[in-house]
Amino acid sequence: MSKIPCEIIQDLLPSYVDELTSDVTNREVEAHMEGCEQCRNVFEQMKAPDIEMADKEEKEIDFLKKTKKKHRRNLILCVAVVWAIAVLVFGARYYLDGQYMNTDYLSYNLDVSGTELAVAVNSTSDQGIQNVEINEVEGVVEISVRCVPKSIFYQTTAEESYMASETIRQVWIGDRIVWANGEMISPLTSRLYAVYNPYIGNMPSNGKIVNALNMTAYTGGFTNELQTSEEPYSWKMIFQNDFSDGRQEVLEERLKLYAYIYLAEVGNLNEVIYDYHVDGKSKILSVTSSEASEYAGVDIKSVGTDINRLEQLIRKTGLSNVVLGGASVESNTQVDFSHSDQTEKVLGFTVINYAEDAVYGMGIKVDCGKISGHQSMREANGEALQNGLNVNFQLIPEDFPSEIEDGSKATIRLSVVNQDGNTHEVQGEVYADLFWGNQYRLNLSGNARDGYFLGQ
């Protein structure tokens, strides 16, 4: 045992434990503890907290790991539960509650008499009709069709009847007016009625009218100039295309029809001016409100806000390319259909050939959602199809890959073949509710240079 007192050794022990003492001091402390049990016990006690602390820290680390693992497991479980609930809610809404069907995917027949209404609705998509909701406010009846995936429980057709509290004035299906004051309303009329613009200076609203008419499919693009500094207010359209001389007369007649509608649809518009070129020569065509009123037979400014007068104007212009299924009136004078006494399943299409260039072949395609049928024809002797005469097509059930039900909504397109055998797709398309045994009449016009057009 060293001669150094225990008090000094014990004072040095903390530094010795932390390895802060010199080699000489270390030897003296170790020599002292070899012969001093008391100092050895103090030394052991000093070392014990480090061991306990290490054990405690290790236990805390293990606890944190276990806690973190538990939280991760709980989080994954929560996410899985939320996902499962979302799937169940979506599934319930999709398969049980369904969703409201866009009118573009429905065909319908209406029978309205006084306060009584009967409606037959057909889904032209792969959806089954889950429910037909009918509500009424002051003679305006709103029909909403809720659809779910087709099944043995939900088929694509439904019929409902309704007794209104007062005489029915209008019938809406979805966001579209389909009947008003005794008349079927075409989709084009409904769209135009919805975008009526009181002020010519509101160019975005003017654009909505142009889009509803789909005029650029016929004329091509154009720029605008408005004269709104003083009356008469005018709207000039400057076309980018250079039209052919052979098409000028037809073009100008068509532009006048568009102008009548613009003058009806824009409340304070007094004149529509077209600036265009025919074989490189500048042309100007002007149409005034008085000319439009004379054409319509009523004050043109009373038409845009009266849906029945607007429907009459649309029918007179022949710009609606929709065949109204179940209507007793003709949709227009150029795109039309009639019921026949045929009992066999035949869809008849008569195309009147007004094309300016010689057409040596013609094809028709009828699209019903994902189901399409088509047919083409050419003269056996290779001669051109005669201008002004009819080209007849007849489609039967075997022309389609699967069954087409009565009332199916269809898009009808044409193509033509020129003398060189090149195929031209005809611009424009006709929308129709198909009924077996009906005869549909269409018009073909235009030429290879400016384009062929359907339903003109």
Side-chain angles (χ1 to χ4, degrees), residues 110 112 114 138-140 167-172 176-202 205-215 218-219 226-228 230-237 250-274 285-324 327-336 455-456:
L110 290 174
V112 183
E138 298 179 350
V140 178
T167 300
I168 298 173
R169 298 183 294 107
Q170 288 184 1
V171 178
W172 292 63
R176 180 180 297 170
I177 302 177
V178 298
W179 184 95
N181 302 312
E183 290 184 301
M184 294 292 291
I185 304 298
S186 71
L188 176 59
T189 300
S190 184
R191 288 196 299 269
L192 287 169
Y193 185 73
V195 296
Y196 174 82
N197 176 25
Y199 307 109
I200 182 58
N202 187 342
S205 293
N206 295 337
K208 291 179 181 179
I209 301 171
V210 175
N211 290 336
L213 280 173
N214 196 26
M215 186 183 76
Y218 182 81
T219 63
L226 301 181
Q227 194 290 109
T228 57
E230 59 181 3
E231 292 192 89
Y233 299 141
S234 65
W235 179 3
K236 177 185 282 190
M237 303 179 190
V250 175
L251 171 68
E252 291 178 349
E253 288 302 315
R254 181 80 170 207
L255 291 178
K256 288 179 183 179
L257 299 179
Y258 287 131
Y260 300 149
I261 294 174
Y262 292 133
L263 289 162
E265 281 289 292
V266 183
N268 64 346
L269 176 62
N270 305 116
E271 183 179 22
V272 175
I273 303 170
Y274 298 111
L285 174 64
S286 173
V287 182
T288 64
S289 293
S290 59
E291 291 173 307
S293 297
E294 183 179 355
Y295 176 85
V298 295
D299 180 2
I300 199 65
K301 293 306 174 186
S302 69
V303 173
T305 54
D306 185 320
I307 194 164
N308 293 95
R309 286 187 172 183
L310 183 59
E311 175 65 24
Q312 291 302 317
L313 176 62
I314 294 300
R315 290 182 192 171
K316 191 170 185 177
T317 62
L319 291 175
S320 174
N321 63 342
V322 176
V323 179
L324 294 175
S328 59
V329 297
E330 296 180 350
S331 61
N332 57 64
T333 59
Q334 295 152 321
V335 181
D336 191 15
Q456 299 173 22

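The structure displayed is predicted, hence computed values, not measured ones. We're numbering straight along the sequence, starting at 1.
To the nearest 0.5 Å, atoms OG1 (Thr317) and CG (Leu213) are separated by 8.5 Å. Taken to the nearest 0.5 Å, the CG atom of Asn268 stands 7.0 Å off from the CD atom of Glu231. Taken from CD1 in Ile307 to CZ in Arg309, the straight-line distance is 14.0 Å, to the nearest 0.5 Å. Separation of atoms CD (Glu291) and CD1 (Ile300) is listed at 11.5 Å; rounding is to 0.5 Å.
Contact record, Arg315 with Met184: NH2-O, 3.0 Å, taken as the closest heavy-atom pair. Residue Ile177 comes nearest to Ser190 through the heavy atom pair N-OG, 3.1 Å, listed as atom of the first residue, atom of the second, then distance. Between Ile314 and Ser186, the closest heavy-atom pair is CG2-OG, 4.4 Å. Contact between Leu310 and Thr189 at its shortest, heavy atoms only, is CD2-O, 3.7 Å. Contact between Ser289 and Leu269 at its shortest, heavy atoms only, is OG-O, 3.3 Å. Across every non-hydrogen atom of Trp235 and Leu226, the tightest pair is CD1-CD2, 3.6 Å.
For the pair Pro187 and Arg191, the minimum side-chain heavy-atom distance is below 4.5 Å. Side chains of Asn181 and Arg169 form a contact here, defined as non-hydrogen atoms less than 4.5 Å apart. Between Ile185 and Tyr193, every side-chain heavy-atom pair lies at or beyond the 4.5 Å cut-off.
A distance-only check finds no donor-acceptor pair linking the side chain of Gln312 to the backbone of Val303 [under 3.5 Å]. At least one donor-acceptor pair closer than 3.5 Å links the side chain of Lys301 to the backbone N or O of Val266.
Not counting sequence neighbours, Asn211 has no partner by the side-chain hydrogen bond (donor to acceptor under 3.5 Å, both in side chains) test. Applying the ring-ring contact (aromatic ring centres under 6.0 Å, His included) criterion to Tyr274, with sequence neighbours excluded, gives Phe239. Checked against side-chain hydrogen bond (donor to acceptor under 3.5 Å, both in side chains), Thr219 has no partners two or more places apart in sequence or in another chain. Residues that satisfy the side-chain hydrogen bond (donor to acceptor under 3.5 Å, both in side chains) test with Thr228, not counting sequence neighbours, are absent from this structure. Qualifying side-chain hydrogen bond (donor to acceptor under 3.5 Å, both in side chains) partners for Ser205, counting only residues two or more places apart in sequence or in other chains: Asn202.
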Evaluate Ile200 against Asn270 for side chain to side chain contact (heavy atoms under 4.5 Å, CB included), listing each step before the verdict.
CA-CA 9 Å; Ile200 182 58; Asn270 305 116; over 6 Å; no
List the atom pairs, with distances to 0.1 Å, where a side-chain N or O of residues 257-265 and a protein N or O form a donor-acceptor pair under 3.5 Å, not counting sequence neighbours.
residue: Tyr258; atom: OH; partner: Arg254; partner atom: NE; Å: 3.1
residue: Tyr258; atom: OH; partner: Arg254; partner atom: NH2; Å: 3.2

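Taking a 6.0 Å sphere around NZ of Lys208, one finds it holds 12 or fewer heavy atoms contributed by other residues, nucleotides or ligands.
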